[in-house]
Structure formats: C-alpha cells, structure tokens
Amino acid sequence: MKGALLSLAAVLLCVTNLSKAASSDMQSIKRIVVNEAELPFIDLPGYQKADISGPVVPWNKLKTYDQSEIINVVFVSDRKYLEPTHTAIISIFKNSKYIERNEPIRFTIVFDEAEFNGTLDNDMSRFLNAFFLTFDRDIYKYDIEYIPVPKEERECMLRFDTYSWTKNVSLRLFLSRFIQHNKCIYLDGDIACVGDIRKMWNLNLKDKCFGAAGYRSTANVKDHINGGSLLLNLEYMRKVKFGNEIEKILEDGKNVRKSGRFTDEHALDKYSVLYPNRRLMLPYEFNVGVMTIPKQFSGQPTNTLEVTIIHYYGGSKPWKHWSKVSNCVDHSSWRQSDWALNEWGECYQQLLMVEDLSGNTD
C-alpha cells in the first residue's frame with residue numbers, strides 16, 4: 001500500500017512538473033508574440049514607460065485653440081463598425097498632414113450601443129490609448145471623443161424604417177439637435193479620405209443648412225443626394241429647426257415611398273425641394289463612389305477625376321476583400337479600382353499595428 005502511494009505521488013509530481021514546464025513554455029511563446037507586436041512601437045518616445053491601461057485622458061490643448069478654427073468631424077458607429085471608422089480617421093491623418101495644417105481636428109464618434117453611457121470599457125480605453133501613443137496628439141493635433149446617443153434621439157431613430165441599413169443611419173439628419181458645434185463634417189465609416197479634408201471644411205455654407213454631393217460625377221441640383229459625406233451648418237440648422245422639419249418629412253415618407261422605400265437620403269432630397277436655397281451642391285470629389293473610379297488608375301487620379309473622399313457604398317466594402325491573416329489583397333474578387341483598395345488597405349495596416357499594441361487582436 002505504501003509503495004502504491006509513493007508511486008502515485010511520483011506520478012502526480014511528474015504531472016505537476018510537466019504542467020509547470022508547459023505553462024512556462026506558453027508564457028515564453030506569449031512573450032515572444034507580444035514582443036513581435038511591440039516591434040513597430042519600441043522606438044516611439046516614451047513607449048518603454050507607457051501604460052495604455054486606465055481611463056482615456058482628453059487632449060486639453062483643444063481648449064487653447066480658437067473654437068472656430070477646430071475642424072469637427074463626426075461619425076456615427078456601433079461596435080461592429082468601429083474598425084472601418086478608425087481606418088477612415090487614419091486616412092484623414094495621412095492626407096491632411098499635420099505639418100501642413102495649423103487647424104486641429106476634433107473627431108466625435110456617436111457610439112450607438114444601448115448600454116453605452118459615455119464611459120469607455122477597458123478594451124476601448126486600451127485601444128484609444130494605444131491609438132494616441134501611435135498617433136501622438138501633440139504632433140497630429142487632434143482628439144477623439146465618444147458620445148452616447150441621447151435617449152430622445154434613440155427613440156426618434158427607432159421610429160423610421162432604414163431597410164437594409166442600420167437604424168443609426170438616420171442620426172446624421174439630427175446631429176444639430178445634440179452636437180453643439182457650429183459646423184461639422186459628417187462622414188460614413190465606409191470612406192477613405194484621399195485628399196486634404198480642409199478643402200471640404202473651408203467651403204462657405206453661408207446661410208445654407210448643408211452641403212452634399214450627388215451620386216454621379218455629373219452632379220447637378222436634380223441629383224439624388226448621397227448622405228455619406230455632408231458638410232453641416234449646425235448653427236443655422238438649429239436656427240431654422242432643420243431636425244424637426246426632417247422628422248416631419250420622414251413621418252410623411254412612411255406613406256409616400258419612392259421606388260418602394262423612403263430613406264433618410266430621400267428626406268434630404270425632399271427638404272431640398274421645399275427649401276432649395278438651404279442646400280449647397282458639393283463637387284463630386286467630396287463623395288466619389290468607388291464604382292466610378294476607373295480600373296486603369298495605378299496612381300492617384302489627378303486630371304481625369306478629382307478625388308478627396310472615396311465612398312465604398314453599396315456592396316463595395318474593401319474589408320470584404322482584405323485578409324488579416326495573410327496581410328494581402330485578394331485582387332481577383334475586387335471589381336473596382338486597385339488604387340482605391342490599396343489606399344484603404346495602407347491605412348488599415350496602420351490600424352492593425354494599433355490593435356496589436358492594445359492587445360485587441362481578435
């Protein structure tokens with residue numbers, strides 16, 4: 001009996017030691033993976049002492065600027081759409097270079113998650129802190145803020161049918177009711193900015209509520225509006241109660257549908273008919289549908305087609321053709337412009353580095 005117990009103890013000791021060794025090996029493997037992920041960042045100033053845990057600290061330098069000089073860019077997103085939204089932000093950095101602009105950029109992400117009250121969870125905090133470490137706010141002159149959807153606006157958006165789009169798509173029509181800036185650029189998350197965003201920001205809206213481009217390169221005042229990129233005169237919109245007017249138009253649209261449906265873009269069309277002097281028709285370059293970019297462009301289009309903002313609307317989403325595993329582009333399934341996809345892909349690669357640093361690699 002005693003011999004059997006000693007044998008059992010020896011077996012248990014052996015198993016324990018093997019378990020410890022395996023655990024040690026796993027820790028070593030994990031450490032190597034982390035080190036590889038850290039490689040792009042180890043030379044950043046202060047990285048070795050950086051702690052990306054804890055709450056996100058606002059960039060208080062925004063308060064030192066003349067508020068009229070701050071470029072306000074607003075996105076509406078949910079958790080599933082954050083990755084392309086952050087990629088869009090990186091594309092703005094790339095093409096509105098900090099060395100060429102004095103104006104800071106304030107990015108506001110209206111975060112459509114019912115439980116979100118304005119406080120970021122640990123994963124989102126780590127990601128943003130890693131983002132701020134990678135794109136130093138003192139250098140790039142910007143800040144990112146997340147705000148919840150106000151209760152009354154959430155109730156409003158749930159009343160309207162958005163068909164195949166998410167419910168929050170209608171929020172872009174009501175930004176003037178809860179975003180307190182005087183002016184902003186609204187962008188869908190499925191865009192890539194390939195020119196200087198200041199070119200759009202500096203357009204003079206005067207006494208117009210909004211500026212928007214049409215769906216075609218020959219855009220004119222009769223074109224159906226594309227709502228993926230809008231220049232909004234929030235101050236004037238509040239003055240003329242734009243949001244309330246749009247709400248009435250959407251209510252009427254429940255009964256009078258165009259082509260079987262009435263969307264938020266149709267509401268903008270209807271508003272433009274009722275108040276033709278309150279809309280500025282933007283040049284097509286500020287909302288270029290990727291499907292209109294010819295395949296033969298191997299470099300950035302210059303003479304044939306001016307492009308500032310590419311919009312991947314419809315089924316042409318670049319992330320459907322991008323592989324995180326192989327880090328390569330599947331050109332065989334991409335039916336549009338290689339240049340447009342590569343532009344987005346380059347910015348997406350930078351985002352992957354930020355995700356590696358924050359530990360959000362899933």
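Numbers here simply count residues along the sequence, with the first being 1.
Contact annotation: the side chain of I144 approaches that of I109 to within less than 4.5 Å [non-hydrogen atoms, C-beta and beyond]. Contact check for T108 versus V73: no side-chain heavy atoms found under the 4.5 Å cut-off. At least one side-chain heavy atom of E265 sits under 4.5 Å from a side-chain heavy atom of H224.
Side-chain N or O atoms of K317 include one that pairs as donor or acceptor with a backbone N or O of Y312 at under 3.5 Å. A donor-acceptor contact shorter than 3.5 Å links the side chain of D269 to the backbone of I225. Of the possible polar contacts, none joining the K241 side chain to the R238 backbone as a donor-acceptor pair under 3.5 Å is found. Judged by distance alone, the side chain of H86 and the main-chain N or O of E83 form no donor-acceptor pair under 3.5 Å. Between the side chain of K183 and the main chain of L234, no donor-acceptor pair closer than 3.5 Å is present. No donor-acceptor pair closer than 3.5 Å links the side chain of Y81 to the backbone N or O of V76. Between the side chain of N72 and the backbone N or O of C184, no donor-acceptor pair lies under 3.5 Å. Proximity of a side-chain donor or acceptor of Q67 to a complementary backbone N or O of Y65 within less than 3.5 Å is detected. Side chain of N95 to main chain of S91: a donor-acceptor pair is present (N/O by atom type, distance under 3.5 Å, no hydrogens or angles). Side chain of R101 to backbone of S96: a donor-acceptor contact under 3.5 angstrom is found.
Note that CG of L230 is 11.5 Å distant from CG of L280, once rounded to the nearest 0.5 Å. Annotation: the span from K80 atom NZ to L82 atom CG amounts to 11.5 Å, rounded to 0.5 Å. Put simply, CD on E245 and CD on E247 are 11.0 Å apart, with the number rounded to the nearest 0.5 Å. Distance CD1/I52 to OG/S125: 10.5 Å, rounded to 0.5 Å. In this structure, the separation between CD on Q349 and CH2 on W344 is 9.5 Å, given to the nearest 0.5 Å. Taking CD1 of I70 as the start and CG of N182 as the end, the distance is 11.0 Å to the nearest 0.5 Å.
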Fill in: salt bridge (charged side-chain N to carboxylate O under 4.0 Å, His left out) between D112 and R154, worked out
CA-CA 9 Å; D112 177 27; R154 180 175 296 282; 2.9 Å; yes

Practice prompt. Step by step, work out the side chain to side chain contact (heavy atoms under 4.5 Å, CB included) result for F116 and I147.
Written response: CA-CA 8 Å; F116 180 64; I147 66 171; 5.7 Å; no

Discussion item. I'd like to know whether R172 forms a salt bridge (charged side-chain N to carboxylate O under 4.0 Å, His left out) with D188, so could you lay out the CA-CA distance, the side-chain angles of the two residues, the decisive distance to 0.1 Å, and finally the verdict.
Written reply: CA-CA 9 Å; R172 56 189 170 189; D188 279 354; 3.1 Å; yes

Fill in: Y284 and Y215: CA distance, side-chain angles, deciding distance, ring-ring contact (aromatic ring centres under 6.0 Å, His included) verdict
CA-CA 8 Å; Y284 186 61; Y215 267 91; 9.0 Å; no

Fill in: Evaluation steps, side chain to side chain contact (heavy atoms under 4.5 Å, CB included), between I246 and L250
CA-CA 6 Å; I246 284 289; L250 285 171; 4.0 Å; yes

Discussion item. Assess the residue pair S229 and I191 against the criterion (side chain to side chain contact (heavy atoms under 4.5 Å, CB included)); give the C-alpha distance rounded to whole Å, side-chain angles, the decisive distance to 0.1 Å, and a yes or no.
Written reply: CA-CA 9 Å; S229 173; I191 67 99; 5.7 Å; no

Worksheet entry | Audit row: T308, D196, side chain to side chain contact (heavy atoms under 4.5 Å, CB included) steps and yes/no | CA-CA 7 Å; T308 299; D196 195 333; over 6 Å; no

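Taking the charged nitrogens against the carboxylate oxygens, E103 and R198 do have a contact shorter than 4.0 Å, which makes a salt bridge. Here D121 pairs with R79 in a salt bridge; the nearest charged N to carboxylate O distance falls below 4.0 Å.
No close placement of the F93 and Y98 rings is indicated, their centers lying 6.0 Å or farther apart.
Between F242 and Y271, the two ring planes are perpendicular [angle over 60°; tilted spans 30° to 60°]. In this structure, H266 and F262 have tilted ring planes: the angle between them lies in the 30° to 60° band.
Within a 6.0 Å radius of CG in D66, more than 12 heavy atoms belonging to other residues, nucleotides or ligands are found. Residue N122 places its CG atom among 12 or fewer non-hydrogen atoms of other residues, nucleotides or ligands, all under 6.0 Å distant. For K270, the NZ atom is loosely surrounded, since the number of other residues' heavy atoms within 6.0 Å does not exceed 12.
Residues E113 and Y146 bring no donor and acceptor atom of their side chains to less than 3.5 Å of each other. For the 3.5 Å distance criterion, the side chains of R278 and N233 fail to qualify, holding no donor opposite an acceptor. In this structure, a donor-acceptor pair under 3.5 Å is present between the side chains of N287 and N226.
Hydrophobic clustering (ILVMFWY, side-chain heavy atoms < 4.5 Å, transitive): L274 and F174 are in one cluster. Linking Ile, Leu, Val, Met, Phe, Trp and Tyr whenever their side-chain heavy atoms come within less than 4.5 Å puts M200 and I90 in one cluster. Linking Ile, Leu, Val, Met, Phe, Trp and Tyr residues whenever their side-chain heavy atoms come within less than 4.5 Å places F107 and I139 in a single cluster.
For the pair R177 and C156, the tightest heavy-atom approach, listed with the atom from each and the gap, is NH2-SG, 3.7 Å. Considering all non-hydrogen atoms of both residues, F111 and D78 come closest at CE1-C, 3.6 Å. For S272 against F210, the heavy-atom pair with the smallest separation is OG-CZ, 3.6 Å. Closest of all the heavy-atom pairs between R126 and S358 is NE-O, 3.1 Å. Between G195 and C193, the shortest heavy-atom contact is O-SG, 3.0 Å. The minimum heavy-atom distance linking I310 with A340 is given by the pair CD1-CB, 3.9 Å.
Judged by the 6.0 Å and 45° rule, K141 forms no cation-pi pair with W59.
Applying the side chain to side chain contact (heavy atoms under 4.5 Å, CB included) test between P58 and each of V56, L62, N60 identifies N60 as the sole match.
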